[in-house]
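Just the heavy atoms: all of them, side chains too, but no hydrogens, waters or symmetry mates, feed the values below. What you see is a predicted model; the values in this text were computed from it and never measured.
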Amino acid sequence: QVQLVESGGRLVQAGESLTLTCEVSGRVFTDWAMAWFRQAPGKKREFVAIIDEYGDKTHYRDSVEGRFTVTRDNAKSTAYLHMNSLKPEDTATYYCNTDALFLARSTYYDNRHYSPWGQGTQVTVSS
């Protein structure tokens with residue numbers, strides 16, 4: 001069973017930057033693409049970003065393109081989400097998960113089923 005531990009979320013002001021961390025265990029990290037998701041209160045979970053197992057390819061949903069960067073450190077079995085120019089619309093609980101497939105199509109990941117999930121980490125962006 002994969003274990004996912006997200007951390008790094010906090011209250012920030014609009015325009016600031018924040019980096020989230022996702023530590024993975026119970027699974028061979030290098031076999032999996034790593035994806036980030038977020039869910040705001042009252043809204044559906046949405047895909048944010050994904051990086052392939054090698055760290056060679058990334059894909060982002062349109063609303064974060066150019067502001068967020070997903071990276072991974074395979075030696076540490078850890079993925080990161082670097083968030084710049086944060087907006088109030090980015091306020092959500094952020095989650096990571098593993099995926100067997102890298103695709104440059106956000107809707108595919110929006111509608112995928114994942115299990116289990118970690119606890120997530122809360123990001124609040126004030127205006």
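- N97 is not listed as a side-chain neighbour of Y95, based on a closest heavy-atom distance of 4.5 Å or more.
- The shortest distance between side-chain heavy atoms of V123 and M83 falls below 4.5 Å.
- For the residue pair S106 and R61, the shortest heavy atom distance occurs at OG-CA, 3.5 Å.
- Of all the heavy atoms in Y60 and V70, the pair that sits closest is OH-N, 2.9 Å.
- Within the 4.5 Å cutoff, no side-chain heavy atoms of F37 are placed close to those of D110.
- For F68 and W36, the ring centers sit 6.0 Å or farther from each other.
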Give the C-alpha distance, both sets of side-chain angles, the deciding distance and a yes or no for side chain to side chain contact (heavy atoms under 4.5 Å, CB included) between T69 and Y80.
CA-CA 8 Å; T69 302; Y80 305 91; over 6 Å; no
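- Looking at every heavy atom in both residues, K87 comes nearest to V125 through O-CB, 3.3 Å.
- The two atoms that bring A92 and A40 nearest to each other are CB-N, 3.8 Å, heavy atoms only.
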Extract all donor-acceptor atom pairs below 3.5 Å that involve side chains of residues 42-56 and protein atoms in other chains or at least two apart in sequence.
from : atom 1 : to   : atom 2 : distance (Å)
R45  : NH2    : R112 : O      : 2.8
E46  : OE2    : R38  : NE     : 2.7
E46  : OE2    : R38  : NH2    : 3.1
D52  : OD1    : Y54  : N      : 3.3
D52  : OD1    : G55  : N      : 2.8
D52  : OD1    : D56  : N      : 2.8
D52  : OD1    : K57  : N      : 3.3

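- A donor-acceptor contact shorter than 3.5 Å links the side chain of R67 to the backbone of S85.
- Separating the CD atom in Q1 from the OG atom in S115 is a distance of 7.5 Å, to the nearest 0.5 Å.
- More than 12 heavy atoms of other residues, nucleotides or ligands lie within 6.0 Å of CD in E65, so this atom counts as buried by the packing criterion.
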Just do the side chain to side chain donor-acceptor pair (under 3.5 Å) check on Q3 and S25 with the steps written out, would you?
CA-CA 5 Å; Q3 185 176 28; S25 61; 3.2 Å; yes
Does the side chain to side chain contact (heavy atoms under 4.5 Å, CB included) test come out yes or no for Y94 and E6, once each step is laid out?
CA-CA 8 Å; Y94 283 72; E6 301 94 344; over 6 Å; no
Below 3.5 Å, can you tabulate the donor-acceptor pairs from side chains in residues 10-24 to any protein atom, sequence neighbours excluded?
from : atom 1 : to  : atom 2 : distance (Å)
E16  : OE1    : Q13 : N      : 3.0
S17  : OG     : N84 : ND2    : 2.9
T19  : OG1    : H82 : ND1    : 3.2

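- The shortest distance between side-chain heavy atoms of F29 and M34 falls below 4.5 Å.
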Give the C-alpha distance, both sets of side-chain angles, the deciding distance and a yes or no for side chain to side chain contact (heavy atoms under 4.5 Å, CB included) between Y108 and L101.
CA-CA 10 Å; Y108 171 83; L101 181 65; 3.6 Å; yes
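- In the hydrophobic clustering of this structure, V5 does not group with L81; members are Ile, Leu, Val, Met, Phe, Trp, Tyr whose side-chain heavy atoms approach within less than 4.5 Å, directly or through other members.
- Across all their heavy atoms, T78 and K76 have their closest contact at OG1-O, 2.8 Å.
- Heavy atoms of other residues, nucleotides or ligands lying less than 6.0 angstrom from CG of N111 number more than 12.
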